[in-house]
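This report refers to the structure that appears directly beneath it.
Protein chains get the first letters and strands the later ones, always in sequence-line order, with residue 1 at the start of each. These numbers come from a predicted model, not from an experiment.
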Amino acid sequence: MRWEFHGDAPIHAQVTERIERMIVSGALKPGERLPSVRSFALEAGINPNTMQKALNELERGGLIYSQRTAGNFVTNDPQTIAAVRESLAAQTIRQYLRGMTELGYSPEEAEARLRAQLQSEGGIEHANPEL
Amino acid sequence: MPILSCENLTKQYGAVTALDGVNLNIEPGRIVGLLGPNGSGKTTLIKIANGLLTPTSGRILINGMEPGVETKKLVSFLPERTYLANWMSVKQLLNYFQDFYEDFDRERAATMLAHLNIPETQRIRQMSKGTREKVQLILVMSRRARLYLLDEPIGGVDPAARDYILNTIIGNYDPQAAVVISTHLIADVEPLLDEVVFIQNGHILRHTPVDQIREEMGKSVDALFREEFRCL
């Protein structure tokens, strides 16, 4: 299945975020070996140069590391993964608030609305761990 | 050195100017989209690069050489229309390509054809249009060329065949070679491209990295194309 991309951001940035989410959600486990650049690019349906760019970005952030001959691996450091999870969470919350602002809610109203929703539904269902 | 270089390239068909002073350099390792409306000059440019047409003025260089026997060794061309004889079987085609091109990797082609479950005894005329396009692309991509010129490789095939063709291009990526894909199905090819060339009425309107378009303009190549080529 090819990955879907939107028009607002460079594809490499979208690929980086997608892989971050795969790692944070556990779809890719700590220490797990990533597919080769070529097969990962094939899976995503993108140019191998773009995949390499995304992997470089992830390596700079410490989320993956490369071993010269063996390929790329997910970090074993839980703190790095937790930090990325936190930053993706902040981004998700900003998206929620932006959406609510567009609908005319103040941040306080948005917060109250979220609480009310959680109470009426008894908590939301857990997101699909595979994304 | 660029693998493909156009210097003031001009082509006239009688009173009609198909290419008008085109300057363009394509570097190895790049996958480039040659994008423009019908009649913009895409096919003319590709045919000149293959030596099928000669320029009216200016020149085109492949790895520093004018098109000829030597450059045909470097260029693998997928024409818009099929040129394979209908009566030929897959096996005959493999023999044919092997005879013609030193750089043809028969094993690679045979492996890809086997994945598609196409028997070597099958003849071109027995194939669906989608299968024919796939076979043709497999043959073209199985050469270890320096420049692949693909004229509308995904036109007129269903989405599954389209994905297969795009994956074949990705799977055969070679950092020493450039791939030029002419198409108007931009959204489909965009994730494959490093750079785009917009061409209209024989003029190059832009030659830009895809990332730059998305970063600086905040839009996809498809959206930009629709804006710049809007029919008024």
Side-chain angles (χ1 to χ4, degrees), chain A residues 1-22 27-28 33-61 64 66 68-72 87-88 91 94-95 98-99 101-102 131, chain B residues 26-33 108 112 115 141 148 150 154 159-181 185-196 208-227:
Chain A
M1 197 52 214
R2 310 175 83 81
W3 299 1
E4 298 287 333
F5 301 104
H6 57 77
D8 310 340
I11 290 171
H12 67 84
Q14 297 180 54
V15 172
T16 302
E17 188 183 319
R18 172 120 179 189
I19 299 172
E20 282 175 355
R21 288 179 183 274
M22 289 164 86
L28 287 170
R33 184 180 172 177
L34 298 179
S36 70
V37 173
R38 189 183 294 265
S39 56
F40 219 178
L42 267 172
E43 183 187 325
I46 61 171
N47 185 314
N49 293 323
T50 307
M51 180 55 77
Q52 187 59 59
K53 218 169 181 176
L55 294 175
N56 290 346
E57 181 64 30
L58 290 166
E59 192 174 359
R60 265 197 300 281
I64 67 170
S66 67
R68 211 179 302 167
T69 51
N72 294 304
S87 113
L88 288 171
Q91 181 190 324
R94 277 196 296 272
Q95 276 166 1
R98 204 178 310 130
T101 306
E102 279 170 17
L131 287 182
Chain B
I26 306 284
E27 300 290 335
R30 305 269 127 190
I31 303 180
V32 181
R108 176 150 71 164
M112 286 194 273
H115 278 151
M141 295 308 293
Y148 298 87
L150 313 178
I154 54 174
R162 200 169 284 177
D163 279 355
Y164 180 85
I165 286 170
L166 296 176
N167 282 344
T168 303
I169 296 170
I170 298 170
N172 287 290
Y173 174 78
D174 171 3
Q176 306 299 317
V179 182
V180 176
I181 305 173
L185 298 166
I186 299 170
D188 287 315
V189 298
E190 187 169 346
L192 263 70
L193 303 179
D194 292 293
E195 302 166 3
V196 290
T208 319
V210 170
D211 285 345
Q212 194 182 329
I213 291 174
R214 286 170 166 262
E215 263 157 40
E216 291 176 8
M217 302 184 212
K219 61 185 73 158
S220 66
V221 173
D222 191 45
L224 182 67
F225 185 89
R226 283 164 201 264
E227 271 176 39

(request) Answer with side chain, backbone, both or neither: which region of B/Ile213 has an atom nearer than 4.5 Å to a non-hydrogen atom of chain A? (result) neither

(request) Name the region of A/Ala41, side chain, backbone, both or neither, that has any atom closer than 4.5 Å to a heavy atom of chain B. (result) both

(message) Measuring from atom CG of B/Leu166 to atom CG of A/Leu42, what distance do you get when rounded to the nearest 0.5 angstrom?
(response) 10.5 Å

(message) Under 4.5 Å from any heavy atom of chain A, what part of B/Asp188 do you find: side chain, backbone, both or neither?
(response) neither

(message) Counting heavy-atom pairs closer than 4.5 Å to chain A, which one of B/Val210, B/Ile170, B/Ile169 comes out on top?
(response) B/Ile170

(request) Measure the spacing between CG of B/Asn172 and CZ of A/Arg38 and express it to the nearest 0.5 Å. (result) 7.0 Å

(message) I'd like to verify something: which residue of B/Asp194, B/Asp222, B/Leu224, B/Val221 has the highest number of heavy-atom pairs under 4.5 Å with chain A?
(response) B/Asp194

(request) Considering non-hydrogen atoms only, spot the tightest contact between B/Pro191 and A/Gly45 and give its length. (result) CB-O, 3.4 Å

(message) Do A/His12 and B/Arg214 have side chains that approach each other closer than 4.5 Å (heavy atoms only, starting at C-beta)?
(response) no

(message) Once ring-ring contact (aromatic ring centres under 6.0 Å, His included) is applied, do any residues pair with B/Tyr164, and if so which ones, sequence neighbours excluded?
(response) none

(request) Anything in residues 48-55 of chain A with a heavy-atom distance to chain B below 4.5 Å? Please list those residues in order. (result) A/Pro48, A/Asn49, A/Lys53

